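One structure below.
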Amino acid sequence: MINRRAQVFSGEFLLAYFIFMTVLILCVLLWYNTTRDLTEAESYRIMEERSVDAAEQLVKTSGIPGNWNTSNIESVGLANESRILSSEKIVGFVTLFDDSQFDGLCDDISLSNYMCNRYLLGLGGYDFYYLITNLNGSNLTIGGVFPATGKAPQNQTRLLSVTRNALLDGEIVKTTLTVWYTSAEEFM
Amino acid sequence: MINNKGYTVILDSLFAFTITVMLFAGLWGAIHYKPSDTSSSSFKRLHYISEDSLEVLNKKGVLDEIGEAWAESGGDNSSANWTIAKNLSEYYFELLVPSHVGYRFYLDDDVLAQNTSRSDESSSVAMTHSFRLLVGYASGQPLRGNVARATILDPPASVDYGNVHAKAVGCNWTIEFEDLSLASGLIPQSYNGSLECNYTGATPAGEYDPFDAYAEATARLLRELDSDSDGLVDQVFNPAAVELEVGRSGGVRSLWGPAKAKIVLWM
């Protein structure tokens, strides 16, 4: 009687154990995947939101003060009025965020202009690259300056670009803000 | 006893099996479910694109060019003006709207440009629209108005160009003078319609249309000749002697519209 009962118990137990473990493993897998997806989605959302806001700030505001220069700037903006860009501000902006220039704009003189000033755009720890082209995508120069600045993407983990249209000297131009990062660091 | 136990096991097994299959199916689906990348930021980006597009075209004057050509076309999509409006719209929106975004551009109810091959509209995950009002444009309506001035030599009087009006038609005027006599005549003489206007009271009456450049200029001249404003013209004259001159005036777009320029975007 005992033997027979033990045999029945063993078969049912093994089957139940197998099912239980399979379900448990699937649950853990689901938990891991969902957490990872949510974290990625949230991280991307924050990155996208900051990029969109920064691009908006550049093409629609004049900055603080309204006639800012590299020495008195508090907030950066490239417009004279909404979606009408100023050549002078663009040239100043290129200098202000040039990663290859070291003008000693902050206490640590070993830092590039870009590293000193990138906080002005409110992107947190994300890197960025800003480019202004003609509407058809061809390059242009403004007062002899190629309107591109920031840090070009390299070995990026994730990258997104926000394109906005504006007017410069009566012509429609395309501005592209590329925001990127290289590691899985959180920038929330 | 064994039979009873056997039935119980089968029912339990069926029940457990059903639950297990459902659990597996649910978990499998959940594991392979990917949350959409579309967020509120995506919508915001799309909306900024639509606002940018119309705003820069408006500030550059392109919307006015499109509006003029569209108005002149009168809705005839085989006309040269329609082609101009369509080509301008297509040229700019193809460049302004990113390549993964579908668009459709309307002026009132007319579709002037669209690209539905970039993104399937029916399965789009984000859609928005922006519009601007173009004052002074209406399909088939002229973009210029009429101004008129009137002169008479005997008695000598004249009035200069007045308000801008959509039309310059004329009228068959009946004028009453201080001696209570009446005179009738077509003003201008080339008028061949049936409208009857009167200046036999304090104000022009009958079928007088104050929005007709000829009639309005005539009424101003008659008031000029009615020094005491009693509705009786001071000196008798032949209405045919009144000379009218009409000019075409631009920049009078407020006569029409507004037309609604609308861009719809989706991705």
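Everything quoted here is computed from the prediction, not taken from an experiment. Here is the naming used below: chain letters follow the sequence lines, and residue numbers restart at 1 for every chain.
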Give a yes or no on this: more than 12 heavy atoms of other residues, nucleotides or ligands lie within 6.0 Å of atom CG of N136(A).
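Buried by this count: over 12 neighbours within 6.0 Å.
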Answer yes or no: does atom CG of D108(A) have more than 12 heavy-atom neighbours from other residues, nucleotides or ligands under 6.0 Å?
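More than 12 heavy atoms, drawn from other residues, nucleotides or ligands, come within 6.0 Å of this atom.
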Would you give the length of the straight line joining atom CG of N165(A) to atom NZ of K60(B), rounded to the nearest 0.5 angstrom?
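The NZ atom of K60(B) is 12.5 Å from CG of N165(A), to the nearest 0.5 Å.
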For the atom pair CZ (R45(B)) and OG (S161(A)), what is the distance rounded to the nearest 0.5 Å?
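It comes to 8.0 Å.
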Check whether [X] gets within reach of chain B through its side chain, its backbone, both or neither, counting any heavy atom under 4.5 Å.
| X | answer |
| --- | --- |
| L160(A) | side chain |
| T175(A) | neither |
| K60(A) | neither |
| S51(A) | neither |

Salt-bridge criterion met for K44(B) and E56(A) (N-O under 4.0 Å):
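No, K44(B) and E56(A) are not salt-bridged.
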Heavy atoms under 4.5 Å from chain B: which residues of residues 15-24 of chain A carry them?
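Counting heavy atoms that sit under 4.5 Å from chain B, the residues of residues 15-24 of chain A involved are I19(A), T22(A), V23(A).
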Do V56(B) and L135(A) come within less than 4.5 Å of each other through their side chains, counting heavy atoms only?
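Not in contact.
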Sort by residue number and list every residue of residues 77-96 of chain B having at least one heavy atom under 4.5 Å from chain A.
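The stretch touches chain A at Y92(B), L95(B), L96(B).
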Answer yes or no: is there a donor N or O on one side and an acceptor on the other, between the side chain of K59(B) and the main chain of L167(A), under 3.5 Å?
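A pair under 3.5 Å: no.
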